[in-house]
Asker: 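Take a look at this one; I'll ask things after.
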Number of protein chains: 2
Amino acid sequence: MFIVRETTIIIAMSRYDPSAFPPFAVTVDLVVLTVRDHELCALLVRRGEPPFQGYWALPGGFVRPDEGLAEAASRELAEETGLRASAPGQSAAGVHLEQLATYGHPQRDPRMRVVSVAHLVLAPDLPTPRPGGDASSARWAPVHELLDDGPADGVPLAFDHGQILGAGVERARSKIEYSSLATAFCPPEFTVGELRRVYEAVWGVVLDPRNFHRKVTGTPGFLLPSGGTTTRQGGRPAQLFTAGGATVLNPPMLRPEA
Amino acid sequence: MFIVRETTIIIAMSRYDPSAFPPFAVTVDLVVLTVRDHELCALLVRRGEPPFQGYWALPGGFVRPDEGLAEAASRELAEETGLRASAPGQSAAGVHLEQLATYGHPQRDPRMRVVSVAHLVLAPDLPTPRPGGDASSARWAPVHELLDDGPADGVPLAFDHGQILGAGVERARSKIEYSSLATAFCPPEFTVGELRRVYEAVWGVVLDPRNFHRKVTGTPGFLLPSGGTTTRQGGRPAQLFTAGGATVLNPPMLRPEA
DNA sequence: GTAATAGTGTCTCTTAGACAATATTAG
DNA sequence: CTAATATTGTCTAAGAGACACTATTAC
């Protein structure tokens, strides 16, 4: 798939004549987060071409002339992972996608002026990603190796993707405080303990199981009992829940200080 | 100032070759909010040319090839209002500017593909704006006339600016809950009562003066006593404060439900 | 039995919300 | 004096944090 047209345009800076405008490329970059083995992980792809050839980067790509920003993000997500995300707000056991922020420093791409609209995706634990598109490989990387300690392998992410990842992680960490978004990291049916382990992994803390249970089951609309039980975590059978309709939690979950 | 070049480019959709890309225009739009006469107001400019000629719109303009997004927003703000905003996080009696969200629906501008990076500006009460640039006039409009009741004059804002304004107002309303950002609406020195009236105007509620006083003076780093007093609000002289260094409030100010 | 996880209950302390009372100015 | 705003204090109820205890499974 390679469409090529040739055209001549006038480049100008009149402020209100968009038929004459400076040329920008617009891309979407994806911060795709999940929880695996009690760790918050981000999806990375390895770049197959310069610049930053061989570096790990966030998945992403160019916005097409006829598609919206969320649409482009959703398409790139499907191309890279096979995930299907419905754009705004869905979290009920599905994939959550929201716009994060836009990065447009003039020199962020050494080749030309690229403005990238970063998106945040929260997904349940997935099989190891299939490499898609022109990324030579893909992996889930624990975010603490990419942020807190600096890059563990000594190589930072390509472009300003380290900064973008940091913003995405911080958004996820703060948003699960006052929304039911943590359920987006869970399978369709999950236990209170599994949800607690999501909070523990995202925040990097240990929570009291009894207070957590009291809190989440006492917040109206957060959890809906599905009727079933499971022992997949061992121990006494636990009730299964699905995500309730509530989106905002009031009062919020409190993130411990230390 | 009118730079015109002519060039020939290849438009293609190869995902990783930005020397071949679809053409986008990138703009910044500004949601400039202030509090006047106990009301939350937004800065609007009247469009002098089609499309939406004669409609009210948010101030904004094209991003120049050599400037960043916040830089462009800051420049447009200065051009439209004479305000000087230091980009991220400043709130101490100055103008606060932060990125809001990016709007890129393919048909949001009837002329061509325009991606707009909206920014939010919070400013103290200002004199009536001087019309700047090519806007034929400018005004402060109470946001409740533009949002809650629908456009009071029967004419919606140009483009998708009504939606952008709504997002900016909601951001401001939620952000003063858990940050000290409400001080950005105040002059350099202000009283507890003046700060309370900011909260009341932004949230559209009435707050108990005694509980509010206890809350804000008891939150470390929110307010710094400046030593002086004033009677400009009438009644007993009130202590003057400046914004403290704290940016996040924990626990937050609670917005009343009803 | 032990080990593991799930779930309930109890106590204390902080804090929001309601509201009484006093303080200090302008007029 | 009255009217207005500022400021301090008091009571109550909701909720978070600490933690004892019981329940139900796998082994």
Side-chain angles (χ1 to χ4, degrees), chain A residues 37-38 176-178 186-187 189-201 203 205-242 246 248-258, chain B residues 37-38 176-178 186 189-201 203 205-241 246 248-258:
Chain A
D37 299 323
H38 286 214
I176 64 173
E177 290 187 51
Y178 55 89
C186 295
E189 287 193 328
F190 53 92
T191 69
V192 172
E194 289 165 350
L195 183 62
R196 175 172 47 83
R197 279 178 273 276
V198 164
Y199 274 91
E200 291 178 334
W203 284 344
V205 298
V206 174
L207 300 174
D208 184 286
R210 300 156 292 185
N211 292 336
F212 183 86
H213 190 282
R214 166 164 50 92
K215 173 67 179 177
V216 297
T217 57
T219 299
F222 196 175
L223 301 181
L224 291 177
S226 74
T229 62
T230 182
T231 60
R232 61 189 174 210
Q233 300 289 340
R236 169 176 166 179
Q239 276 190 66
L240 285 169
F241 295 87
T242 59
V248 292
L249 303 184
N250 202 316
M253 297 291 304
L254 288 191
R255 167 156 45 158
E257 312 269 331
Chain B
D37 299 323
H38 286 214
I176 65 174
E177 290 187 52
Y178 56 89
C186 295
E189 288 193 326
F190 54 90
T191 69
V192 173
E194 289 164 350
L195 182 62
R196 174 171 47 82
R197 279 177 274 276
V198 163
Y199 274 92
E200 291 178 335
W203 284 344
V205 299
V206 174
L207 300 175
D208 184 284
R210 300 156 291 186
N211 293 336
F212 183 87
H213 190 282
R214 168 163 48 93
K215 172 69 179 176
V216 296
T217 57
T219 299
F222 196 175
L223 300 181
L224 290 177
S226 74
T229 61
T230 183
T231 60
R232 62 188 174 212
Q233 300 289 339
R236 169 175 167 180
Q239 277 188 68
L240 285 169
F241 296 87
V248 292
L249 304 183
N250 203 317
M253 299 289 305
L254 287 191
R255 164 155 49 157
E257 312 269 331

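Throughout, a chain's letter reflects where its sequence line sits, starting with A, and its residues are numbered from 1. Keep in mind that the numbers below use all heavy atoms, side chains included, and drop hydrogens, waters and symmetry copies.
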Asker: Expressed in angstrom and rounded to an integer, what is the separation of B:Tyr199 atom OH from C:dG17 atom P?
Answerer: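 Atom OH in B:Tyr199 sits about 13 Å away from atom P in C:dG17.
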Asker: Passes side chain to side chain contact (heavy atoms under 4.5 Å, CB included), A:Val205 versus A:Tyr199? Steps please.
Answerer: CA-CA 8 Å; A:Val205 298; A:Tyr199 274 91; over 6 Å; no
Asker: If each of A:Thr231 and B:Gln239 is mapped to the nucleotide of DNA chain D with the nearest heavy atom, which maps nearer the 5' terminus, i.e. the 5' end?
Answerer: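 Mapping each residue to its closest nucleotide by heavy atoms, the 5'-most match is B:Gln239.
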Asker: Given D:dT7, is OP1 or OP2 found less than 4.0 Å from the side-chain N or O atoms of B:His213?
Answerer: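 Checking B:His213 against D:dT7: at least one side-chain N or O falls below 4.0 Å of OP1 or OP2.
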Asker: Would you mind reading off the distance between B:Arg214 atom CZ and D:dT10 atom P, rounded to a whole angstrom?
Answerer: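 From B:Arg214 CZ to D:dT10 P: 12 Å.
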Asker: At 4.0 Å (heavy atoms only), tell me whether A:Pro251 reaches a base, stays on the sugar-phosphate, or touches nothing.
Answerer: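 If one applies the 4.0 Å heavy-atom cut-off, A:Pro251 turns out to touch the sugar-phosphate alone, with no base involved.
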Asker: Working to the nearest 0.5 angstrom, can you tell me the gap between A:Met253 CE and A:Leu195 CG?
Answerer: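 One finds 7.5 Å between CE of A:Met253 and CG of A:Leu195.
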Asker: Considering every strand and a 4.0 Å limit on heavy-atom distances, what is the contact class for A:Arg197: base, sugar-phosphate, or nothing?
Answerer: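 Sugar-phosphate: the residue A:Arg197, judged by heavy atoms under 4.0 Å, touches backbone atoms but no base.
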Asker: Provide, to the nearest angstrom, the distance between the CG atom belonging to A:Leu195 and the C1' atom belonging to C:dT5.
Answerer: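 These atoms are roughly 16 Å apart.
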Asker: Please list, chain by chain and in numerical order, all residues satisfying side-chain hydrogen bond (donor to acceptor under 3.5 Å, both in side chains) with B:Asp208, sequence neighbours excluded.
Answerer: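 Per chain and number, B:Asp208 pairs via side-chain hydrogen bond (donor to acceptor under 3.5 Å, both in side chains) with B:Arg210.
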Asker: Atom CG of A:Leu249 to atom P of D:dA16: distance rounded to whole Å?
Answerer: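 Taking CG of A:Leu249 and P of D:dA16, I get 11 Å after rounding.
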Asker: In Å and rounded to the nearest 0.5 Å, what is the CG to CZ distance from B:Asn250 to A:Arg255?
Answerer: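 Going from the CG atom of B:Asn250 to the CZ atom of A:Arg255 covers 9.5 Å.
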Asker: By nearest atom, which of the nucleotides D:dT7, C:dT24, C:dA6 is closest to the B:Pro237 side chain?
Answerer: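 My answer, after comparing the listed nucleotides, is C:dT24.
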Asker: Between A:Asn211 and A:Gly234, who's closer to the 5' end of DNA chain C by nearest nucleotide?
Answerer: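 Its nearest nucleotide lies further toward 5', so the answer is A:Gly234.
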Asker: Please report the distance, rounded to the nearest Å, between CG in B:Leu254 and P in C:dT14.
Answerer: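 Rounding to the nearest Å, CG of B:Leu254 and P of C:dT14 are 18 Å apart.
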Asker: For A:Arg232, answer base if it contacts any base atom (sugar-phosphate contacts may also be present), sugar-phosphate if it contacts only those atoms, and nothing otherwise; contact means non-hydrogen atoms under 4.0 Å.
Answerer: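 Contact class for A:Arg232: none.
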Asker: Between the base of D:dA18 and the side chain of A:Arg210, is there a donor and acceptor pair under 3.5 angstrom?
Answerer: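 Absent.
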Asker: Rounded to the nearest Å, what distance is computed from the CZ atom of residue B:Phe190 to the C1' atom of nucleotide D:dA6?
Answerer: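 B:Phe190 atom CZ is separated from D:dA6 atom C1' by 16 Å.
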Asker: Can you measure A:Leu207 atom CG to C:dA6 atom P for me and round it to whole angstrom units?
Answerer: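 Checked: the CG to P distance equals 13 Å.
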Asker: Measure the CD-CD distance between A:Glu194 and A:Gln233 for me, rounded to the nearest 0.5 Å.
Answerer: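 It comes to 4.5 Å.
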Asker: Report the residue (B:Lys215 or A:Glu194) whose heavy-atom-nearest nucleotide on DNA chain C is the more 5′ of the two.
Answerer: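 Counting from the 5' end, the first nearest nucleotide belongs to A:Glu194.
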Asker: Please check the phosphate of C:dA3 (OP1 and OP2 only) for any side-chain N or O of A:Arg236 closer than 4.0 Å.
Answerer: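 No, because none of the side-chain N or O atoms of A:Arg236 sits under 4.0 Å from OP1 or OP2 of C:dA3.
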Asker: Can you tell me how far C1' of D:dG17 sits from CZ of A:Arg255, to the nearest Å?
Answerer: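 In whole Å, D:dG17 C1' and A:Arg255 CZ are 18 Å from each other.
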